[in-house]
Protein chains: 2
Amino acid sequence: MASTLEDVARAAGVSTATVSRVLNDPDKVAHATRARVSEAVEALGYTPNFGARMLASNRTNTVGAIIPSLSNAMFASGIQAFQEVLSEAGVNMLLGSTGYSDAEELRQIKTLLEHGAGGLLLIGTERPAETYAYMARRNVPFVVCWATSEQYLSVGFDNTRAAFEMTQAVLARGHRDIAMIAGPMVGNDRATDRVAGVRAAIAQVPDARLVHLVEQPYRLEHGADGFTAVMQADPPPTAIICGNDVLAAGALIQARRDGVSVPDQVSIVGFDDIGLASVSAPAITTVRVPQIEMGRQAASVLLAAIAGRDGVVSETLDTEVILRASLGDVPRK
Amino acid sequence: MASTLEDVARAAGVSTATVSRVLNDPDKVAHATRARVSEAVEALGYTPNFGARMLASNRTNTVGAIIPSLSNAMFASGIQAFQEVLSEAGVNMLLGSTGYSDAEELRQIKTLLEHGAGGLLLIGTERPAETYAYMARRNVPFVVCWATSEQYLSVGFDNTRAAFEMTQAVLARGHRDIAMIAGPMVGNDRATDRVAGVRAAIAQVPDARLVHLVEQPYRLEHGADGFTAVMQADPPPTAIICGNDVLAAGALIQARRDGVSVPDQVSIVGFDDIGLASVSAPAITTVRVPQIEMGRQAASVLLAAIAGRDGVVSETLDTEVILRASLGDVPRK
DNA sequence: CTGTTAGCGCATTCAT
DNA sequence: ATGAATGCGCTAACAG
């Protein structure tokens with residue numbers, strides 16, 4: 001059995017309060033007794049019981065982060081940066097992943113709150129009202145990332161605008177017949193906004209049009225399927241805009257299988273600038289997302305919100321179109 | 001403020017004991033009251049206070065998993081499978097990541113244990129004695145994955161053997177001057193074992209030799225650096241074995257930059273078979289690791305260990321060399 | 001500076 | 001089947 005505060009107190013010949021003090025606020029204790037207590041702590045291999053501590057103090061020094069998927073490199077460095085800032089502040093991070101399921105996200109939220117999370121980082125703004133209602137009832141501070149929000153505290157970027165700019169880059173190379181392989185839009189504002197951005201940019205150019213739009217889960221093989229689907233449009237697209245780099249990479253694979261040359265016959269562009277984008281052949285033109293900065297700022301903002309500081313405000317970060325070989329000029333007929 | 005058991009009890013017109021029962025042992029409660037209580041729980045958005053529950057019952061239904069890195073797709077699907085099995089058993093998973101740091105791993109272990117993890121999944125067997133000693137003192141069950149162990153409970157595969165087989169595949173194509181871009185070996189048994197496997201296979205073929213070995217962190221750019229380094233060996237290698245697919249992909253990038261044709265001038269092979277391996281050009285010959293099966297079995301084994309069942313035993317799974325275009329015959333001089 | 005005391009929210013006897 | 005009472009290990013007033 002693990003030893004308790006009382007065991008330590010007895011061993012050191014002091015009260016439990018004193019032991020608690022040397023653990024939490026050593027300056028309040030006389031040098032001599034502090035030494036005696038520390039010795040007893042060592043000797044007994046005492047570890048505080050988190051549950052009891054949480055119960056008594058109502059403080060946990062813990063926040064939760066919930067991401068849709070572990071297999072998408074898109075979130076990794078942002079979360080890592082988030083965690084770094086937190087740990088500098090002496091705050092622990094608990095992580096959960098949902099597999100893009102709303103139900104699982106709510107489950108994870110409950111789990112992390114149960115385990116003492118005093119605040120949450122969530123990805124994207126679109127989720128069931130039930131989820132928001134739950135967090136409101138629990139009165140838990142949260143920050144949404146990888147997107148912007150007018151309603152909730154957010155640290156992210158404007159997906160619509162980023163997709164708009166990417167599409168302009170595509171149009172600038174002369175493409176007019178454009179297809180899109182989007183991510184799953186239901187319950188996913190990032191995917192939805194990116195489609196909206198593409199549409200808006202196309203609408204500004206009179207003879208440009210979206211010849212085909214398909215939705216595909218964020219996996220390589222579905223990017224490949226998407227490529228096959230959109231190439232059957234009439235007329236076929238000369239450029240394919242993908243909802244993220246994984247889809248773009250999948251599309252590239254299928255293009256190679258089909259003997260379709262990229263970018264000579266068709267251009268393919270992605271989103272997120274994960275490592276994959278620079279490795280594929282050809283390298284993928286994409287949108288760079290300020291992941292690390294996003295993670296760092298999310299941490300600051302969330303900590304401030306938890307501390308109840310006012311003047312805590314959402315942040316919108318900039319993205320950048322990264323031009324690589326997968327985007328070329330429109331082929332001449 | 002979050003609502004408590006007592007709030008729910010009051011709202012439902014019952015005692016706290018009854019509410020506690022419907023939450024933990026519903027069969028012990030009459031149908032009608034159970035319904036009334038559940039309703040009150042819903043209405044108030046009640047979530048149990050984990051600390052209190054842990055304090056009172058000494059049970060947590062929680063396990064922790066700690067992985068070296070979020071940015072490596074290598075762990076994603078295994079962990080997801082792990083989590084699925086757990087959640088079928090009504091057990092929550094808490095996740096932590098360490099950035100390949102021993103100190104951070106110990107910190108995470110402490111954090112997760114404090115937060116109620118009753119068992120742990122860890123990656124690999126090599127870590128400071130201090131870490132093992134800590135877990136022993138806390139008497140916490142754990143299972144190590146992605147490796148095998150004679151000392152600890154493990155569910156994984158034999159990295160040495162897998163690397164051995166891969167190297168045999170390389171030797172079979174006539175390569176004799178072989179280089180290796182290994183992962184960081186300090187504190188990383190997977191990396192160390194893979195090097196050992198390569199060495200062992202090379203030792204079996206008289207005129208084969210390891211012309212150069214470098215260690216690099218698992219990132220694309222370091223794979224590129226590694227390529228540059230090993231190509232300066234005299235004689236230069238005709239095949240480069242990489243510690244994982246990320247390093248291999250990085251090496252491919254540099255090869256392309258340098259105008260070195262793969263596999264015509266030099267072959268490059270990786271390890272893990274992450275998505276990247278099939279996307280790069282050329283596709284990367286690699287070792288497929290049974291991630292999902294590993295995750296599932298790890299969960300079963302860990303749950304059994306936590307339950308104190310005996311006959312809990314380590315599992316070793318098979319790997320498979322996946323031949324792709326990046327491995328070719330040795331070039332003729 | 002240190003001890004005493006009173007809960008924190010819950011599971012769990014023991015009654016009824 | 002349900003309620004009342006107890007204590008888990010700790011922190012936080014409050015005294016001294």
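So you know, we letter chains A, B, ... as the sequences are listed, proteins then strands, and number each from 1. Quick caveat, the model's predicted, so the values are computed rather than measured. Every heavy atom of this structure was used, including side-chain atoms; hydrogens, water molecules and symmetry mates were not.
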Which donor-acceptor pairs under 3.5 Å do the side chains of residues 296-304 of chain B make with protein atoms, sequence neighbours left out?
| unit_1 | atom_1 | unit_2 | atom_2 | d |
| --- | --- | --- | --- | --- |
| B:Gln297 | NE2 | B:Glu293 | OE2 | 2.9 |
| B:Ser300 | OG | B:Arg296 | O | 3.1 |

Residue-phosphate contact under 4.0 Å: B:Arg10 side-chain N/O, D:dG3 OP1/OP2: no

Relative orientation of the end axes in the helix from C:dC1-D:dG16 to C:dT16-D:dA1, expressed as an angle to the nearest 10° (five pairs per end): 30°

Short side-chain to backbone donor-acceptor contact, A:Asn159 and A:Trp146, under 3.5 Å: yes

Given DNA chain D, 5'-ward residue of the pair A:Arg59 and A:Ala52, judged by closest heavy atom: A:Ala52

Nearest-0.5 Å distance, OH of residue B:Tyr134 to CG of residue B:Leu106: 7.0 Å

All pairs passing side chain to side chain donor-acceptor pair (under 3.5 Å) where residues 104-123 of chain B contributes a residue, at least two apart: A:Thr62-B:His115, A:Asn92-B:Thr111, B:Glu104-B:Arg107, B:Glu104-B:Gln108, B:Glu105-B:Arg127

For atom CD of B:Glu114 and atom P of D:dC10, their distance in whole Å: 12 Å

Under 3.5 Å: donor-acceptor pair, side chain of B:Asn49, backbone of B:Ala52: yes

A:Ala147 versus A:Asp189, closest heavy-atom pair with distance: CB-OD2, 3.4 Å

A:Leu44 CG - D:dG9 C1' separation (whole Å): 15 Å

Distance in angstrom units between B:Asn58 CG and D:dG7 P, rounded: 17 Å

Value in whole Å for how far the C1' atom of D:dC8 lies from CE of A:Met54: 15 Å

A:Ser20 side-chain N/O to A:Thr16 backbone N/O, donor-acceptor pair under 3.5 Å: no

Heavy-atom closest contact (A:Phe142 atom, A:Leu153 atom, distance): O-CB, 3.6 Å

Length of the line joining A:Glu6:CD and D:dG7:P, which is rounded to integer Å: 12 Å

Main-chain N/O of A:Met74 paired to A:Gln291 side chain as donor or acceptor, under 3.5 Å: yes

Interatomic distance, B:Ser15 atom OG to B:Arg21 atom CZ [nearest 0.5 angstrom]: 6.0 Å

Backbone of A:Val144 reached by a side-chain donor or acceptor of A:Ser154 within 3.5 Å: no

Neighbours of DNA chain C within residues 12-26 of chain B, by heavy-atom distance under 4.0 Å: B:Ala17, B:Ser20, B:Arg21, B:Asn24

Exam field: side chain A:Arg34 to backbone A:Val22, donor-acceptor pair closer than 3.5 Å: no

A:Asn188 side chain to A:Ala191 backbone, donor-acceptor under 3.5 Å: yes

Close residues, residues 31-39 of chain B, relative to DNA chain C [heavy-atom separation under 4.0 Å]: none

Aromatic plane relationship, A:Tyr100 with A:Tyr218 - under 30° parallel, 30 to 60° tilted, over 60° perpendicular: tilted

Sugar-phosphate only, base, or nothing, as touched by B:Leu5 at under 4.0 Å among non-hydrogen atoms: sugar-phosphate

Length of the CZ-C1' vector between B:Phe50 and D:dC8, whole Å: 14 Å

Range on DNA chain C touched by chain A - first to last nucleotide, heavy-atom distance under 4.0 Å: C:dC1 to C:dG9

